[in-house]
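Let me begin by presenting the structure, written as structure tokens, before commenting on it.
Whatever order the structure lists ligands and atoms in, that order sets their numbers, starting from 1. Only a predicted model underlies this, so the values are computations on that prediction, with no experimental measurement involved. Quick note: numbers below take in every heavy atom, side chains included, and nothing from hydrogens, waters or symmetry partners.
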Amino acid sequence: MKNVMNESLVDRRSLEEVVERTTLRVNDLQRQKDMLEEKNAASQMLLDSLRQQLQSTTMALENEQRKQVSKLDDRDREHRCMLDDMHKKFEAELECRQRDHNDALDTLRRQFKAEQDEETSRSRRELEELHMNLGLERQELQLEIQAKVKDLQQLHSTIEAKQSDLDRERCTKIALEEKLEKASITALELGKKVHTLQAQVDFFQSDSKQQIDRFSAMETRMQQAMKIADAARQKLIKEETERRILFNKYQELKGNIRVMCRVRPTVGITEGDDATIAFPDEKTSSSQIDVTGPEEKSSLGVTSRKTTPFEFDRVFGPRVDNEEVFGEISQLVQSALDGYNVCIFCYGQTGSGKTYTMSSDDGMIPRATHMIYDNIKRLEEKSWTYTMEGSFVEVYNEELHDLLSGPKCGSLKESDPKKKLEIRHDELRKTTTVVNCKTARLDSTEEVESMLRLAQSNRSVAATKANERSSRSHSIFILKLVGENAATGERCQGTLNLVDLAGSERLKHSGAEGDRKKETQNINKSLACLGDVIEALGRGAPHIPYRNSKLTHLLQYSLGGNSKTLMFVMVSPLETHLKETLTSLRFATKVHNTHIGTAKSSKKVKDRVSDA
Ligand SMILES: Nc1ncnc2c1ncn2[C@@H]1O[C@H](COP(=O)(O)OP(=O)(O)OP(=O)(O)O)[C@@H](O)[C@H]1O
């Protein structure tokens, strides 16, 4: 019990402690509550004062708002008045500006219209000019196209010519191969014959003495026959040498400069009236031509026409053909083969027949080369062998051009300074070389023909570019002939120059201008130089002015001492050409009256000449 009592006592004490602690806590909380109530009262007071402040501020604000609203209304009214004023002002200004603007616009519109009109008329003018230029350009282009078409046609014809050359070459090759085959068959047959003969010889040698005697008699007879044949051959060679000497003496007696006149026929009825030209000795010597000049008025007012006779080595009338003309000059061609320098000129105005005489299909150039080939073949029997080299040049505006390496061969001569042709003379051998000029070895007449065709096409290409250039330039066909005689050791070197001179019309008559005038001046100058050279040679002047023109410089060794010259003066039959005809005939008479010294052949014994 006691224990229970003790335990209850302990419990009571702990409960009292709890009560005490709780009482303390309650007191504490009471204090806190008081404090909080105090704070709450203070806060209530603050809240009340704040509420009062808010009320007064709200009232002040409301007052202020009212004031501001009335102020705003005032301002609004003011602004509206101002806006109305400004609006009126702006409208007035706008109206004013609009008027100004419309005025300015009208002025600008007027200006623009004027400018537009001016611009339109200028554009129209420019358009017309453009149209004109376009037309001109179109014409030029058409001309160019025509020229190109012509070039193309020429190229075609050259190609065709080349093709036919090729065909010919092929035929020649086949023929040669056939010949070779035949030759080898002949060689085989000859071998067989040699065998047979050898067998016969063996038989004769082995036969009786009678046969041996007969054989030796035959051999003696054969030796005699061979001696006779050899003597005949020597006689033939001697005779050929003598013939050459006599022939050239005969030529020298005829004079080393000869002048012949040829009058061409009228070609077609459109050419105009014929001049009065007579050939009084046509049936006998054919060396005179009488030309009746134009009408002249004397001081007494009487009109008359003067007939002037001209005499030359030969005069060919309009009915004479190229064959007959060549008959006269063939002797000179022979002289070139004999080692002389020969120069044949064709002189006369444009259209007088120079090209027809010199380079037409049956003209002097083809005839001369054919004759040379025939004679070379004939001379082979007399132990002569010849080589033939040809070149073809043109003198245009005092400049040399190669007609064998022109535009048709793919190289244009004028533009390349390295290809410029240069004349070089060998003073010692009296020979002329044209540096950079193509020289063709001519082993057949076909080669000559194709060379002439090439030269002609090159010449005509230039003609389309430079205004009928063929009649404004001198063309010179140079044929070098070198012959050697295996039996006598003789060697000869001759040159045949066939010259187609440019048209000789005088400047004052031709009325030429610009480039044409320059061409004519150059032609006249070079023809005058030719006359001067011939005249100086004729009177034996110490200085011959060869260098005054390209033509005479080139032909230096073919004019004068060691050469034979023939000049054809070509005459047109037309009345309109009468003045030029008389000028040409007077020039030719001057040349005809010149006597040039004796020509010498360049024949030498082979050993003394070293080949170039
Ligand atoms: N003997 C002739 N027989 C027939 N027709 C000829 C004769 N000579 C010239 N003709 C013709 O006369 C015209 C002019 O001749 P050609 O062209 O040879 O003159 P050209 O003097 O060489 O002229 P260019 O200086 O212009 O070259 C050509 O149509 C030509 O065929």
Legend entry - Sub-4.0 Å atoms of ligand 1 with respect to non-hydrogen atoms of Val267: 11 (C), 12 (O)
Inset, instruction - Run through Arg319, Arg314, Arg262 and flag the one making a salt bridge (charged side-chain N to carboxylate O under 4.0 Å, His left out) with Glu324. - result: Arg314
Inset, instruction - Using non-hydrogen atoms of the residue, decide whether Met358 is closer than 4.0 angstrom to ligand 1. - result: no
Legend entry - Gly348 touching ligand 1 at heavy-atom level, < 4.0 angstrom: no
Inset, instruction - May I ask you to check whether Thr307 and Thr292 show a side-chain donor-acceptor distance below 3.5 Å? - result: yes
Inset, instruction - Please determine if Val320 has a nitrogen or oxygen closer than 3.5 Å to a nitrogen or oxygen of ligand 1. - result: no
Legend entry - Arg441 vs Thr387, side chain to side chain contact (heavy atoms under 4.5 Å, CB included): CA-CA, chis, key distance, verdict: CA-CA 8 Å; Arg441 179 130 179 204; Thr387 53; 3.3 Å; yes
Inset, instruction - Check whether the side chains of Ser526 and His474 place a donor and an acceptor atom closer than 3.5 Å, and report yes or no. - result: yes
Inset, instruction - Return the option from Thr266, Thr355, Val571 holding the heavy atom at the smallest distance from atom 17 (O) of ligand 1. - result: Thr355
Legend entry - Subset of ligand 1 atoms that lie under 4.0 Å from at least one heavy atom of Ser352: 19 (O), 20 (P), 21 (O)
Inset, instruction - Count the heavy atoms belonging to other residues, nucleotides or ligands that lie under 6.0 Å from CG of Asn133, then report whether that count exceeds 12. - result: yes
Inset, instruction - Could you tell me whether ligand 1 has any atom less than 4.0 Å away from a heavy atom of Gln349? - result: yes
Inset, instruction - Taking only heavy atoms of Gly351 into account, list the atoms of ligand 1 that are under 4.0 Å away from them. - result: 14 (C), 19 (O), 20 (P), 21 (O), 23 (O), 24 (P), 25 (O), 26 (O)
Inset, instruction - Look at the rings of Phe392 and Phe477 and say which category their plane angle falls in: under 30° parallel, 30 to 60° tilted, over 60° perpendicular. - result: tilted
Legend entry - Subset of ligand 1 atoms that lie under 4.0 Å from at least one heavy atom of Pro265: 1 (N), 2 (C), 3 (N), 4 (C), 7 (C)
Legend entry - Closest contact, heavy atoms only, Cys261 versus Leu585: SG-CD2, 4.0 Å
